[in-house]
*Asks:* 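Here's a structure for you.
This one's a predicted model, so the numbers in the text were calculated from it and none came from an experiment.
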Amino acid sequence: MSDWVPTTCMRCAVGCGHLQRGADIGNGIDVVRGDAAHPVNQGLACQRGVRETSDPEGEWLTRPMVRRDGELVSTTWDVALSEALQAFQGAADADGEVAVLGSGQQTNEAAYALGKLARGGFGTRYYDANTTLCMASAVTAYYQAFGSDAPPCSYDDIPEAEAHVVWGANPAAAHPVMFRWIRQAASEDGVELLAVDPVETETAEAADAHVAPDPGQDLALARAVLARLVETDRVDEGFVAEATEGFDDLRDALPDSDVAAERAGVSTADVDRLADAFERDALCYWGMGVNQHVQGTDIARALIDLCLATGNLRPGSGPFSLTGQANSMGTRVCSCKGTWPGQRPFADPDERRTVAEEWDIPVERLPPDPGPGPVGIADALGDEVEVAYTVATNPVAGMPDASTAKESLEDVFLVAQDAFRTETTDLADVILPAATWGESEGTAMNMERTVSRVRAATEAPSGVWSDLRIVSTIGARLFPELFDDPDPDPETLFDEFSGLTAGTNADMSGITYDRLEDLKALRWPAPDAEADAGYRYYDGDDGNRGYVPRDDDDDTAVGTDGDGDESWAFPTASGRAGFSTARQEGLPEPVDDEYPLTLTTARESGAYNTGVRSRRVDDPDPVVARINPETVAESDAITDGEVVVESRRDAVSASVDPDPAVPEGLVWLPIHHPATNRLTIDALDPQSKEPNFKQCAVRLVAPTDEAAATAGALVPGDD
């Protein structure tokens with residue numbers, strides 16, 4: 001019988017430790033369970049992570065493939081790599097551009113290697129990852145407010161908080177292990193859980209109160225709450241004076257709380273309930289409902305503003321963005337996507353020189369800026385970009401206005417690297433089959449900055465290579481000065497990129513495989529062999545970990561005449577955290593007489609990303625539209641529970657689920673389904689370049705109407 005192998009679950013960003021056992025005969029994972037010795041989850045495990053690790057329902061890719069006479073056929077690695085390399089080299093020889101799209105599904109080592117290939121080899125600015133589609137607004141907000149990405153708080157703070165405010169997120173469905181901790185903490189006497197979401201989600205059902213703003217009006221609501229705190233003299237003036245800047249400008253820019261509440265579509269009682277929560281030691285969690293908005297950065301900043309104004313930047317409180325993909329944080333820190341490793345600023349000449357010297361390449365080869373983001377990359381396909389390389393990502397289904405993205409990918413030579421068949425691999429000219437969970441070695445980084453090992457419990461099938469080996473082989477063939485080993489040991493790559501983080505805001509240089517072997521998981525910043533970080537930016541009297549009460553007469557509080565046991569330091573130009581002043585603006589595509597309903601998208605508990613681990617590409621289940629029963633009753637387009645949902649970009653057939661949890665006038669579709677993003681709009685947050693997936697205008701059309709012809713059936717090659 002195979003031995004149990006300790007590893008990290010790669011389904012979502014909670015970062016649970018698993019024990020996996022390989023099959024006794026052949027490849028594959030036989031049994032998966034939570035690892036009681038892992039410090040993150042201590043034995044807990046969600047059934048989705050277990051099921052999708054041991055028994056995924058997607059179609060495995062087991063052999064390289066190339067396109068011949070319009071058809072994909074199996075081939076050898078030599079042939080597939082030769083054709084991919086010829087395309088890459090041909091683009092370079094013609095002074096063309098290669099676009100590279102990575103993923104939060106890779107290990108840190110593979111993500112670092114891919115960024116090294118894209119930036120240091122191809123020298124392309126057309127490189128990004130699908131993490132930008134979900135986390136970029138939170139990332140930008142953290143940088144603007146604190147000078148560095150990633151939450152200041154961690155899972156350790158959950159049991160210490162007095163209020164848990166979940167805003168535009170549904171961790172009950174998306175992060176069930178983490179939500180168990182939140183719900184358990186909120187069950188204690190005097191502790192409450194509040195959910196802010198237009199939809200009555202599973203999280204809202206479990207909450208003590210549900211505040212339902214109108215779709216897309218989160219910034220108005222956040223400003224209403226802060227205005228009420230200001231109006232009632234509940235700002236932590238001592239903390240604001242000691243640790244922040246810009247509050248006077250924000251105070252002057254605030255709307256009247258009642259006016260802002262009306263704009264948000266909520267009652268003054270709802271505003272008061274949220275204000276009361278932030279007056280306490282509050283953790284504010286947010287997710288895609290905030291980030292995926294044309295003002296996503298502004299909304300995330302406004303939530304951070306609420307924490308700053310109320311002094312909620314101590315252990316047991318703080319702004320906590322909930323990351324989706326398993327290694328989104330690692331992609332941000334290691335892969336040279338938006339910064340150089342360790343959050344080194346991309347445009348800084350000294351940082352660029354440091355990276356070029358480490359890689360032993362001319363600094364002129366590095367691109368001048370991080371690039372236009374995934375939507376901008378899609379717009380450049382077939383124009384500036386001649387060849388595209390996708391790794392563990394499915395842009396044909398995952399991009400906004402996905403039909404247009406698909407057409408753009410059809411205009412280039414496409415090399416697709418994945419473990420499963422996807423709508424994107426169906427378009428590819430070359431398919432490179434990659435190893436998946438339980439077959440790969442390396443590390444991953446969860447949403448609270450914790451790094452832990454990823455280990456293989458079974459060997460990959462003979463025709464499958466690891467992401468790291470594929471990327472490094474391509475790099476060694478094209479850029480031998482940059483990649484000296486086509487199949488490097490993951491630990492070697494880890495030491496390389498962690499060394500590059502030394503002295504940075506995201507210092508991981510004190511983390512090694514040996515330390516991870518002993519401790520299982522470590523949180524950065526970790527600048528030396530003894531460090532394991534706690535709360536960021538805060539220094540208390542207990543070595544940065546204990547809880548400091550905020551009673552009015554507590555002589556250790558900031559701004560009092562106490563002995564100064566608390567202090568804060570931020571990697572900003574002033575050393576202070578910054579407030580913001582943005583106000584609610586309009587949506588990119590408001591409803592009108594022609595398209596009177598608002599489409600929103602969200603996650604389901606049984607699927608993840610674009611669902612390729614849990615569905616068949618050529619036979620997906622029908623997309624289910626959740627619609628309020630009153631909206632259903634008012635429509636004459638629904639026939640036998642079927643309807644066509646149409647936007648200005650495309651139309652899709654859907655089954656209707658009358659659901660009172662969805663407010664009137666809203667159509668809810670699962671973000672994982674390959675049909676959903678055919679409808680969404682590619683309007684971007686100008687600061688983060690993240691798309692507005694959550695609100696666009698749609699209408700319901702009867703399946704027998706002429707418009708239904710544009711919806712079509714989901715057939716192979718159509719999506």
*Asks:* Verify whether one side chain among Thr297 and Gln144 offers a donor that lies under 3.5 Å from an acceptor in the other.
*Replies:*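 There is no such pair (donor and acceptor under 3.5 Å, judged by atom type) between the side chains of Thr297 and Gln144.
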*Asks:* Side chains of Glu245 and Ser574 only: does a donor on one sit below 3.5 Å from an acceptor on the other?
*Replies:*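 The criterion, which ignores hydrogens and geometry beyond distance, is satisfied for Ser574 and Glu245.
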*Asks:* When rounded to the nearest 0.5 angstrom, what is the spacing between CD in Glu448 and OG in Ser321?
*Replies:*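 It is 12.0 Å, given to the nearest 0.5 Å.
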*Asks:* State plainly whether the residues Asp258 and Arg228 are in salt-bridge range, i.e. N to O under 4.0 Å.
*Replies:*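 Yes, Asp258 and Arg228 are salt-bridged.
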*Asks:* Can you label the angle between the Trp340 ring and the Phe346 ring as parallel, tilted or perpendicular, going by 30° and 60°?
*Replies:*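 Rings of Trp340 and Phe346: parallel, as their planes differ by under 30°.
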*Asks:* Let me confirm one number: the CG-SG distance from Leu283 to Cys153, rounded to the nearest 0.5 Å.
*Replies:*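 It comes to 5.5 Å.
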*Asks:* Step by step, would you call Trp181 with Phe320 a ring-ring contact (aromatic ring centres under 6.0 Å, His included)?
*Replies:* CA-CA 14 Å; Trp181 301 328; Phe320 202 153; 10.0 Å; no
*Asks:* Is any side-chain N of the basic residue among Asp401 and Arg649 closer than 4.0 Å to the acidic one's carboxylate O?
*Replies:*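 Salt bridge between Asp401 and Arg649, a charged N being under 4.0 Å from a carboxylate O: no.
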*Asks:* Are any non-hydrogen side-chain atoms of Pro319 and Pro151 less than 4.5 angstrom apart?
*Replies:*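 Not touching, per the 4.5 Å side-chain cut-off.
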*Asks:* Take atom CZ in Arg180; do more than 12 heavy atoms of anything else shown fall under 6.0 Å from it?
*Replies:*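 No, CZ of Arg180 has 12 or fewer neighbouring heavy atoms, counting only those of other groups under 6.0 Å.
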*Asks:* I would like to know whether Asp214 and Arg263 meet salt bridge (charged side-chain N to carboxylate O under 4.0 Å, His left out); could you show each step before the answer?
*Replies:* CA-CA 8 Å; Asp214 289 341; Arg263 173 72 185 270; over 6 Å; no
*Asks:* Evaluate the ring-ring contact (aromatic ring centres under 6.0 Å, His included) criterion for residues Tyr285 and Trp167: first the C-alpha distance (whole Å), next the side-chain angles of each, then the deciding distance (0.1 Å), finally the verdict.
*Replies:* CA-CA 6 Å; Tyr285 316 82; Trp167 197 306; over 10 Å; no
*Asks:* Looking at Arg301 and Asp685, is there a salt bridge between them, counting it only when a charged N and a carboxylate O are closer than 4.0 Å?
*Replies:*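 Arg301 and Asp685: not salt-bridged.
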*Asks:* With a distance cut-off below 6.0 Å to the six-membered ring centre and an angular limit of 45° from the axis, does Arg314 pair with Tyr538 as a cation-pi contact?
*Replies:*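 Verdict for Tyr538: no cation-pi partner in Arg314.
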